[in-house]
2 protein chains.
Amino acid sequence: MSSIKTQARAPQQRTLDTRASIKAAGAELFATRGYRATGVRDIADLAGCNQALVSYHFKGKGGLYDEILADAVAEAERLAKEGDLSSAAYPERELVRILSRAIASQAHLAPMILREQMDPDRLLNPGTADTLRSFMALTESVLNVLPLDTEARGWDPQIVHLTIVGPLIHFTVATRMREATVGKLERPMSTPDLDTFTDTLAAMLSRALRAKAADA
Amino acid sequence: MSSIKTQARAPQQRTLDTRASIKAAGAELFATRGYRATGVRDIADLAGCNQALVSYHFKGKGGLYDEILADAVAEAERLAKEGDLSSAAYPERELVRILSRAIASQAHLAPMILREQMDPDRLLNPGTADTLRSFMALTESVLNVLPLDTEARGWDPQIVHLTIVGPLIHFTVATRMREATVGKLERPMSTPDLDTFTDTLAAMLSRALRAKAADA
DNA sequence: GTCTATAGGCTGATAGAC
DNA sequence: GTCTATCAGCCTATAGAC
């Protein structure tokens, strides 16, 4: 009896699980290999289901990709809004923390956006581009608040933004690589964790923005 | 007569041109689209020749890719050696200039290495990995020379290196995108040039390393 | 919802003419 | 050295059984 009941519910439950598995598998593979190099079979295998289900649940590979990226971007935007920039004692440090959470908390986000940016044909979804611009606006607002000296005031906010986001993205990507090559190298590199990395980056930025050059 | 002579030399000359064209086309496409997403036909079309010539000159797509990447890495290493780190008044600024030249002077290098790093299956060629490590060694040597305060001495050299290389790579990639999307955006972003970017990055690093925090 | 089978298109390599 | 023609393999999407 009870086994019948269980079987009766199974299909419905399995549906949600399957959709989520496919999404997780797709995120992993699209990030590591890219859209073109990822086969629907690869996704299905990793998700532990049949390849036809990708089309059934997401209207094909393209639909799956779009949904994964849109979700990741939305989540990044949500995380960014959790930070409180205005009441922070050191807004530039809080800025780094916010961007760190937004970029690095989902391991597949940075690689996917990076791949989009590298390919001119694949022009960014307008919504995605807007989100990226809103991140840069955060940096600009911080620069407007801080008491900058003459030299620092001459820096292009866009450049300063890149000095924060560049390292964060790169750290995320490099971490993926390190995890994959653990034990494969004869001389394994030290693997700093995200918090240490974020704190160091925040300290460097803060000193660059606030401190006068030692011999200026 | 002269036309006969010209035609007689043409095949020989054309050979070199064709090889170079294919290489240039491959570099462009592998960088923007990645290995898998680039068809041999695409390369041949861009190079203005027949697809069979790719196999003839480079033993197939894989051989072409390997040669392009190896050449780019070798050239980056050569450029890095041109810089004089020991006699510079501000070694950390010279370091940024050196890395900037090595990374950004060949537009296809950064995207290609980035793609390799993102894919764990495609483990880096040992020679390439060695070159990347030698770049990090440059940063370490600079940190050993500078008079760092207590806080800066606690920073992981690997992290400091990422704060230099990350922005440089990201700037290179972003520049590609900007050039491709010129006019496609309603609100075009300012496009700082590489020299301005490099100088700003050098200034920020120098201040971060040398200046004491304003209120530490 | 899930699976099998298959169609239709694209891709990389190569044999052979020039 | 360069080109045309072609083949064998792979990939995505879908029709239809369960």
Side-chain angles (χ1 to χ4, degrees), chain A residues 3-30 32-69 115 119 121-122, chain B residues 3-30 32-69 115 119 121-122:
Chain A
S3 69
I4 291 176
K5 188 179 167 189
T6 304
Q7 285 183 336
R9 273 181 61 209
Q12 185 75 18
Q13 272 199 337
R14 184 71 193 287
T15 297
L16 295 173
D17 286 352
T18 298
R19 238 191 94 94
S21 320
I22 291 175
K23 233 163 138 172
E28 171 65 22
L29 293 174
F30 287 144
T32 53
R33 305 182 187 175
Y35 181 81
R36 196 63 151 45
T38 300
V40 176
R41 279 178 184 79
D42 302 331
I43 299 171
D45 287 351
L46 186 59
C49 70
N50 190 275
Q51 94 161 280
L53 290 176
V54 174
S55 283
Y56 177 79
H57 284 291
F58 300 93
K59 302 194 177 181
K61 187 168 122 169
L64 173 61
Y65 179 89
D66 291 343
E67 185 169 324
I68 290 171
L69 183 56
R115 288 179 189 280
D119 191 346
D121 296 341
R122 201 174 189 92
Chain B
S3 68
I4 290 175
K5 187 180 165 190
T6 303
Q7 283 180 339
R9 274 182 60 209
Q12 184 77 15
Q13 272 199 337
R14 183 74 192 288
T15 296
L16 295 173
D17 285 353
T18 298
R19 239 191 92 94
S21 317
I22 292 175
K23 233 163 138 173
E28 171 65 23
L29 293 175
F30 287 143
T32 52
R33 305 181 187 174
Y35 180 81
R36 196 62 152 45
T38 299
V40 176
R41 281 174 182 78
D42 302 332
I43 298 171
D45 288 350
L46 187 58
C49 72
N50 190 276
Q51 80 153 302
L53 290 177
V54 175
S55 284
Y56 177 78
H57 285 290
F58 301 93
K59 303 194 177 183
K61 186 168 122 170
L64 173 62
Y65 179 88
D66 291 343
E67 185 169 325
I68 290 171
L69 183 56
R115 288 181 189 279
D119 191 345
D121 297 340
R122 201 176 191 92

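Each chain gets a letter, A, B and so on, in the order the sequences are listed, and its residues count up from 1.
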Inset, instruction - Please state whether the phosphate of C:dG1, meaning OP1 or OP2, lies under 4.0 angstrom from any side-chain nitrogen or oxygen of A:Thr18. - result: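 Answer no for this pair, as no side-chain N or O of A:Thr18 is under 4.0 Å from OP1 or OP2.
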
Legend entry - Residues that A:Glu67 engages under side-chain hydrogen bond (donor to acceptor under 3.5 Å, both in side chains), provided they are two or more places apart: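 With sequence neighbours excluded, A:Glu67 shows a side-chain hydrogen bond (donor to acceptor under 3.5 Å, both in side chains) to A:Arg19, A:Lys23, given in chain and number order.
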
Rounded to whole angstrom units, what separation is found between the [atom1] atom of [X] and the [atom2] atom of [N]?
{"X": "B:Ile43", "N": "C:dT11", "atom1": "CD1", "atom2": "C1'", "answer": "12 Å"}
{"X": "B:Leu64", "N": "C:dA13", "atom1": "CG", "atom2": "C1'", "answer": "14 Å"}
{"X": "A:Asp42", "N": "D:dA13", "atom1": "CG", "atom2": "P", "answer": "13 Å"}
{"X": "A:Lys59", "N": "D:dA13", "atom1": "NZ", "atom2": "C1'", "answer": "14 Å"}
{"X": "B:Tyr56", "N": "C:dA17", "atom1": "OH", "atom2": "P", "answer": "17 Å"}
{"X": "B:Phe58", "N": "C:dA13", "atom1": "CZ", "atom2": "P", "answer": "13 Å"}
{"X": "A:Leu29", "N": "D:dC11", "atom1": "CG", "atom2": "P", "answer": "13 Å"}
{"X": "B:Tyr65", "N": "C:dT11", "atom1": "OH", "atom2": "C1'", "answer": "19 Å"}

What's touching nucleotides 5-10 of chain C from the protein side, N or O pairs under 3.5 Å?
none

Inset, instruction - For the side chain of A:Leu53, starting at C-beta, report the closest nucleotide among C:dT2, D:dT2, D:dA13. - result: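 Selected nucleotide (nearest to the side chain): C:dT2.
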
Inset, instruction - Go through C:dT2, D:dA13, D:dT2 for me and flag the one nearest to the A:Val40 side chain. - result: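 Comparing C:dT2, D:dA13, D:dT2 against the side chain of A:Val40, the answer is D:dA13.
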
Considering only distance and modelled atom types, tabulate donor-acceptor pairs under 3.5 Å from the side chains of residues 59-66 of chain B, sequence neighbours left out.
residue: B:Lys61; atom: NZ; partner: B:Tyr35; partner atom: O; Å: 3.0
residue: B:Lys61; atom: NZ; partner: B:Thr38; partner atom: O; Å: 2.8
residue: B:Tyr65; atom: OH; partner: B:Glu116; partner atom: OE2; Å: 2.4

Inset, instruction - Can you see which heavy atom on B:Ser21 is nearest to which on B:Asp17, and at what distance? - result: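 Minimum heavy-atom contact is OG-O, 2.5 Å.
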
Inset, instruction - Please name the pair of heavy atoms, one in A:Ile68 and one in A:Gly26, separated by the smallest distance, quoted to 0.1 Å. - result: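 Shortest heavy-atom separation between A:Ile68 and A:Gly26 comes out as CD1-C, 3.7 Å.
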
Inset, instruction - Five pairs at each end of the helix from C:dG1-D:dC18 to C:dC18-D:dG1: take the axis at both ends and give me the angle between them to 10°. - result: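 Comparing the axis at each end, I get an angle of 0°.
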
Inset, instruction - Dump the intermediate steps for side-chain contact (heavy atoms from CB on, under 4.5 Å) on B:Leu69 and B:Phe30, then the final yes or no. - result: CA-CA 10 Å; B:Leu69 183 56; B:Phe30 287 143; over 6 Å; no

Legend entry - salt bridge (Lys or Arg N to Asp or Glu O under 4.0 Å) partners of residues 32-49 of chain B, not counting sequence neighbours, each pair once: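 Counting only pairs at least two positions apart or across chains, the salt bridge (Lys or Arg N to Asp or Glu O under 4.0 Å) contacts touching residues 32-49 of chain B are A:Asp121-B:Arg33, B:Arg33-B:Asp42.
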
Inset, instruction - Report the distance from atom OH of B:Tyr56 to atom CD1 of B:Ile22, rounding to the nearest 0.5 Å. - result: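 If I round to the nearest 0.5 Å, the distance is 11.0 Å.
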
